[in-house]
Protein chains: 2
Amino acid sequence: MVSPARSEPRRVTIHDVARSAGVSRQTVSRALNDKAEIDGSTKQRVLDAARELGYRPSRFARGLVRQDTTTIGLVIPDLLNPFFTEVAAAALEAARARGWHVVVYDTADRAEEELSTLQVIGSQVDAVVGYFSCSESDLDRFTRGMPMVLIGREPRMGRFSSIRIDGEAGVHAAIAHLVARGHTRIGMLDHDNRAEPSVRRVWFTAAATALGVDPGLVAGAGQSADGGGAGLGNLLAAHPDVTAVFTFNDIVAIGALREARRLGRSVPRDLAVIGFDGLQFGALVEPPLTSVALDTRRLGALAIDQVGRLLTGADSLEPGELVVRAELRPGGSA
Amino acid sequence: MVSPARSEPRRVTIHDVARSAGVSRQTVSRALNDKAEIDGSTKQRVLDAARELGYRPSRFARGLVRQDTTTIGLVIPDLLNPFFTEVAAAALEAARARGWHVVVYDTADRAEEELSTLQVIGSQVDAVVGYFSCSESDLDRFTRGMPMVLIGREPRMGRFSSIRIDGEAGVHAAIAHLVARGHTRIGMLDHDNRAEPSVRRVWFTAAATALGVDPGLVAGAGQSADGGGAGLGNLLAAHPDVTAVFTFNDIVAIGALREARRLGRSVPRDLAVIGFDGLQFGALVEPPLTSVALDTRRLGALAIDQVGRLLTGADSLEPGELVVRAELRPGGSA
DNA sequence: TTGAAAGCGATACCAC
DNA sequence: GTGGTATCGCTTTCAA
């Protein structure tokens with residue numbers, strides 16, 4: 001639980017400025033807001049007094065009377081993960097285009113931070129967009145009545161809006177690509193930190209099965225490059241005949257790339273690697289990463305668009321519109 | 001200029017809830033804020049009414065009366081640049097630890113966005129931390145009286161606080177490292193988008209001169225991997241005898257690494273490369289990047305610490321404390 | 001336990 | 001052009 005920080009007690013108000021300049025509060029307001037109906041010299045006098053006293057208007061008082069600012073809360077599990085950075089950057093851009101402000105919360109992938117964020121966010125923003133892993137009832141309880149757009153998660157409660165991530169076709173294309181190149185033993189590095197298998201794993205299983213290859217060659221991997229390296233080691237130890245691997249995300253794939261090099265396996269000749277996310281960064285490694293790519297710009301923009309509709313009461317986007325589909329982006333690693 | 005977005009007109013207030021539940025406004029307030037002095041059944045009735053009406057308290061009204069929330073504005077030139085992402089993540093973490101909220105503004109490296117941000121930020125946050133490239137007078141004009149911490153820039157006006165980036169010793173160590181390995185023709189890829197040479201170039205020149213090597217082998221490079229590749233091409237075309245290169249930042253260095261590979265130059269054997277920033281990401285390329293590294297976590301935390309002091313009126317940190325020094329971090333590229 | 005009244009700090013609508 | 005006054009929505013004394 002965060003403890004509210006005491007900021008410096010607000011001292012100087014519009015009243016002080018008014019008194020100091022020998023005018024009314026009204027006139028101060030006019031001077032500060034560049035209103036027309038005010039005498040030039042009076043205005044200057046007020047401005048001087050304001051500067052003198054170090055006066056700054058209260059954003060709360062101002063917001064209370066002119067209800068014209070919109071602030072969105074953006075909740076991200078880990079800003080250091082380039083995928084979320086890209087989404088955040090896109091959301092910031094879309095919000096800026098509308099003149100909205102965005103408060104960013106990084107929950108550090110921890111359930112407790114997520115809950116504490118939910119608790120405080122309600123009184124700080126007008127609407128929320130982001131990634132959440134807690135239960136819907138917790139989500140609902142702490143954000144009663146708040147417009148919410150959930151990314152990459154399909155809510156049961158109608159009260160939440162969501163952006164669906166559809167990787168089915170993209171992953172199928174990836175595995176098909178590998179099969180077409182003659183691979184028959186295709187492994188996967190899934191995440192390892194949760195009880196249930198990931199959706200990406202489900203897509204992998206479906207694609208492998210449909211294409212007639214063994215979907216069972218799976219190892220867990222921590223969500224980092226080191227994790228990917230270790231995961232690849234485990235996978236190859238368990239299944240030495242694996243010649244291609246699909247990974248939970250690009251970071252893991254890059255770790256696998258590095259580990260493959262260490263093991264003396266040339267990529268893509270001895271081992272083909274395909275990641276997931278399509279990070280800009282994947283283009284910079286050697287060989288450039290082949291990946292099942294998500295359009296993160298679209299993802300962020302879509303989320304902001306939808307939350308805007310919730311906010312203004314405009315028609316919500318159709319479910320068919322609220323989807324970002326992944327597609328295979330060829331690099332040189334597979 | 002951003003136009004204020006009209007959010008849905010706030011409808012239901014605490015008054016409506018009170019009426020609906022047949023109690024007074026403060027009873028509603030008590031129920032919602034978990035105060036002690038309230039009957040259980042009354043409380044439940046109020047809560048039900050509130051949920052029924054979809055009531056959410058106004059953050060402005062609440063903020064106005066209990067002045068206990070602190071919001072920092074974080075201004076970043078480009079969130080997609082991993083360096084700024086790291087700084088932002090560190091700042092977010094430090095702010096969260098204090099229970100502060102952070103509104104993030106990405107100015108997309110554009111002067112106009114920076115100015116429009118300055119104009120609106122004043123009425124949205126309690127203090128500002130960030131990177132700015134506009135003039136101090138603009139900075140001052142738009143943020144009168146606002147506590148400000150400038151990063152990587154040394155303000156003349158006493159009104160601004162700042163975090164200094166000191167790369168002098170780090171760059172010297174880098175060039176000394178190269179000289180020790182026998183390099184005598186050491187080039188630099190500086191940025192190319194501004195009139196004046198960068199501070200990093202100044203450090204390079206000083207170090208090269210001190211170490212007795214020619215400081216004049218410099219080419220410009222766009223601030224991207226592609227820019228780095230092109231820049232290296234130009235540098236080598238102009239000075240074919242260059243055997244080592246120091247770059248403006250790690251992204252540029254990674255582009256140079258890639259270009260060197262394309263040219264058939266093995267790194268570090270045929271060409272040594274040293275970047276600047278020390279991105280986490282630099283460890284993932286091959287060979288891992290040697291870099292003059294900045295402690296981005298410390299940088300972000302320091303900025304938040306200092307802005308906190310400004311806010312509470314506590315003693316400011318000593319100038320000697322408000323510095324982040326870069327140091328050479330060995331990788332495999334030099 | 002509950003309610004009436006007094007702010008919080010600013011802007012808007014009127015008179016003057 | 002300028003100054004009262006009401007108001008924004010909520011919390012906090014203080015009585016009842």
Nearest to side-chain heavy atoms of A/Leu64, which nucleotide of C/dA10, D/dC8, C/dG3 = D/dC8
Do B/Gln306 and B/Leu322 come close enough that some side-chain heavy atom pair is under 4.5 Å?
-> yes
Return the value, rounded to whole Å, for the distance between atom CG of B/Asn33 and atom C1' of D/dG9.
-> 13 Å
Donor-acceptor contact present, side-chain A/Asp305 to main-chain A/Ala301, <3.5 Å | no
Given D/dT12, C/dG9, D/dG3, which nucleotide is nearest the side-chain atoms of A/Thr13?
-> C/dG9
Can you tell me the distance, in whole Å, between the CD1 atom of B/Ile14 and the P atom of C/dA4?
-> 14 Å
Is A/Lys35 touching bases, backbone alone, or none of the nucleic acid, heavy atoms closer than 4.0 Å?
-> sugar-phosphate
Rounded to whole Å, the OH-C1' distance (A/Tyr55 to C/dG9) equals 7 Å
Less than 3.5 Å between a donor and an acceptor, one on the side chain of A/Gln26 and one on the base of D/dT5, is that the case here?
-> yes
Send over the distance from B/Arg62 CZ to D/dT12 C1', rounded to a whole Å.
-> 14 Å
Hey, does B/Val28 reach any base, or is it just sugar-phosphate, or nothing, if we go heavy atoms under 4.0 Å?
-> nothing
Taking for each residue the nucleotide of DNA chain C with the nearest heavy atom, is it A/Arg66 or B/Ile38 whose nucleotide lies nearer the 5' end?
-> B/Ile38
Among the candidates C/dA10, C/dT11, C/dT1, find the nucleotide nearest to the side-chain atoms of B/Asp39.
-> C/dT1
Nearest-Å distance, NE2 (A/His15) to P (D/dG3)?
-> 13 Å
Side chains of B/Ser24 and B/Arg30: do they bring a donor and an acceptor to under 3.5 Å?
-> no
Does the side chain of A/Ser24 get closer than 4.0 angstrom to OP1 or OP2 of D/dG4 through an N or O atom?
-> no
A/Phe60 CZ to C/dG9 P: how many Å, rounded?
-> 12 Å
B/Thr42 has a side chain; which of C/dT1, D/dT12, C/dG9 sits nearest to it?
-> C/dT1
Do A/Thr71 and B/Arg59 get their side chains close enough for a donor-acceptor pair, meaning under 3.5 Å?
-> yes
Of the candidates D/dT2, D/dT12, D/dA6, the side chain of B/Val65 sits closest to D/dT12
State, without any angle test, whether A/Thr296 and A/Glu86 hold a side-chain donor-acceptor pair at a distance under 3.5 Å.
-> yes
Which residue, B/Arg30 or A/Ala61, contacts DNA chain C at a nucleotide closer to its 5' end, judged by nearest heavy atom?
-> B/Arg30
Separation of C/dA12 atom C1' from A/Asp34 atom CG, nearest Å, is 17 Å
Are any of A/Ser29's side-chain N or O atoms less than 4.0 Å away from OP1 or OP2 of C/dT11?
-> yes
When the nearest nucleotide of DNA chain D is assigned to A/Arg25 and to A/Gly40 on a heavy-atom basis, which residue is associated with the more 5' position?
-> A/Gly40
Take atom CZ of A/Arg19 and atom P of D/dG3, then tell me their distance rounded to the nearest Å.
-> 15 Å
Do A/Ser133 and A/Glu114 have a side chain donor and acceptor closer than 3.5 Å?
-> yes
